[in-house]
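Down below is the structure, laid out as structure tokens.
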2 protein chains.
Amino acid sequence: MDANFDKELFIEKFKNSCNRIQIKNFKKNEIVTTYIEKRNQICIVLSGEVDLIRYDSNGNKTIIGHFVVSDVFGEVFYPANTNNELFVIARKNSEVLFFTYDTLFTKCRRNCDFHKELTSNLTELFLDQIINLNLRIELLTKRTIREKILSYFDILSKRSIRRSFTLPFSYTDLADFLSVDRSAMMRELKLLVDEGFIKKHGNRITLTF
Amino acid sequence: MDANFDKELFIEKFKNSCNRIQIKNFKKNEIVTTYIEKRNQICIVLSGEVDLIRYDSNGNKTIIGHFVVSDVFGEVFYPANTNNELFVIARKNSEVLFFTYDTLFTKCRRNCDFHKELTSNLTELFLDQIINLNLRIELLTKRTIREKILSYFDILSKRSIRRSFTLPFSYTDLADFLSVDRSAMMRELKLLVDEGFIKKHGNRITLTF
DNA sequence: TTTTTTCTGTTGCATATGCAACAATTTTAT
DNA sequence: ATAAAATTGTTGCATATGCAACAGAAAAAA
């Protein structure tokens, strides 16, 4: 949005300036946090990738969110009275920054002027998050698996600027992300290949329409 | 979140303090804005209700978002390269506040100190919006119509604190909101009534489980 | 390396959901 | 008040999707 906003710089400041902020490292598949208690926690991915996961009562896994560098997540973004158990898992070795929402409104001991910047920069990160969520909703409101797949591929294609791109998910996880049955999705992918809409080599996709 | 934050007050300030901000009134069914151009517009509902609508190539209507007082919306929250035509329609007579994202970073002529507050308060509104979007995603990722209905009713029930509540939508629109076929949804609603899970009188629902 | 686990690719079958169509009812417009 | 338009309620039918199950490939662990 604002061309002058430098996420990397912001994160660098984050790391160094305020004592109310924690940074932790996680190995692949480690649990980063759970959304059970309401601690008003805000998290920012500094490196790596993490997924927000829900298992429902039928054992269906859904990837609610997939977060990469500079993405924000945390239970503060969820309504208190959700019935679901949500948890965040590191998909790669990851570095995550933690602070609580209250931090925004209270001064830290050092009285760092970092707080002044924090709020305004956070608005920027929140905005990005809203854009991501709207994209997700665009996908999920599509009526058919085919439409979901093609919409998602379209996004990935535009991000990479090319007609070819590598999926950030395994096919198993892609199905969970699009909230559809894996085998049904594989079937639809095969049809898309057979009908000449896409090419597919491993997890590399090429659009041919 | 922050108990001290007073949305009404914030909106009142918004209205009166800054010349970069526009307020417009819309009658029911009037188009509030479209998401075609990229003007980085941010809108806030001051009164009434508005819906963000998408029609896809098959003529399927989807209610992408339903916004009420103090909700934020606008094309700034959407990625630039979306293929869809989205537009916002007033569902009731509504009052909507408009400004551009740039407003946050430039001083207005009056040099109002309103800008200082604007950013930090906006963070609050953005946070609320993220919570709403996450709720929406919760619904949309549910695998069956029944689960979607019950999850949504559960939310409405908790909001009204009672087991009874009035739907904010017509049933036609509810189907569009849950992104399912209307007749299929009506069928599922009937089953839920027959099986004793809910009672249904007009657009008033009572949970009985 | 070898073993174990996870992922991919595929298919038959059951069914939930979408689609089309219509009458009855309610709401909105004239 | 009357006509027009939209919503609700319902059903038969077609099919897209979910489910279960399995073999082979790939990746991770030992």
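These values consider heavy atoms only, across backbone and side chains, with no hydrogens, waters or symmetry-generated copies. Residue numbers start from 1 in every chain, and the chains themselves are labelled A, B, ... in the order their sequence lines are given, proteins ahead of strands.
Map B:E188 and B:R182 each onto its nearest nucleotide of DNA chain C; the residue landing nearer the 5' end is B:E188. Residues B:N29 and B:S179 each lie close to DNA chain C; by heavy-atom proximity, the contact nearer the 5' end of the strand is made by B:S179.
Between B:M185 atom CE and C:dC19 atom P the separation is 15 Å, expressed in whole Å. The interatomic distance linking B:L167 (CG) with C:dT26 (P) rounds to 17 Å, in whole Å. If you measure from atom CD of B:E147 to atom C1' of D:dG18, you get 12 Å, rounded to the nearest angstrom. Atom CE in B:M186 sits about 7 Å away from atom P in D:dT10, given to the nearest Å. The distance from atom NZ of B:K142 to atom P of C:dA16 is 18 Å, rounded to the nearest whole Å. Here D:dT17 presents its P atom at 4 Å from CD1 of A:I145, a figure rounded to the nearest Å. Atom C1' of nucleotide C:dT25 and atom CG of B:N203 are separated by 15 Å, given to the nearest angstrom. In this structure, CG of B:L140 is placed 14 Å from P of C:dT17, rounded to the nearest angstrom.
At least one side-chain nitrogen or oxygen of A:T172 sits closer than 4.0 Å to the OP1 or OP2 atom of C:dT8. A close approach under 4.0 Å does occur between a side-chain nitrogen or oxygen of B:K200 and OP1 or OP2 of D:dG9. For D:dT8, the OP1/OP2 oxygens have no side-chain nitrogen or oxygen of B:K190 closer than 4.0 Å.
Atom CZ of A:R162 sits in a sparse spot, with 12 or fewer heavy atoms from other residues, nucleotides or ligands closer than 6.0 Å.
If you check C:dG9, D:dT17, D:dT8 against the side chain of A:T144, the one that comes closest is D:dT17. The side chain of B:D181 lies closest to C:dC19 when the candidates are C:dC19, D:dT17, D:dT8. Comparing D:dA21, D:dT8, C:dC19 by their nearest atom to the side chain of B:R187 picks out C:dC19. Out of C:dT10, D:dA28, C:dT17, the shortest distance to the side chain of A:K28 is found at D:dA28.
A cation-pi arrangement is found for B:K200 relative to B:Y171, the charged atom lying closer than 6.0 Å to the ring centre and inside a 45° cone about the ring normal.
Residue contacts shown for B:K148 are absent, as no nucleic acid heavy atom lies under 4.0 Å away. Counting non-hydrogen atoms under 4.0 angstrom, A:R146 reaches nothing in the nucleic acid. Within 4.0 Å of A:S183, counting heavy atoms only, lies at least one base atom of the nucleic acid.
Side chain of B:Q41 to main chain of B:T100: no donor-acceptor pair is present (N/O by atom type, distance under 3.5 Å, no hydrogens or angles).
Between B:K148 and B:E188, no side-chain nitrogen of the basic residue sits less than 4.0 Å from a carboxylate oxygen of the acidic one, so the salt-bridge criterion is not met.
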Worksheet item: Between A:D128 and A:D71, does a side-chain contact (heavy atoms from CB on, under 4.5 Å) hold up when you go through it step by step?
Response: CA-CA 8 Å; A:D128 287 347; A:D71 281 343; 5.6 Å; no
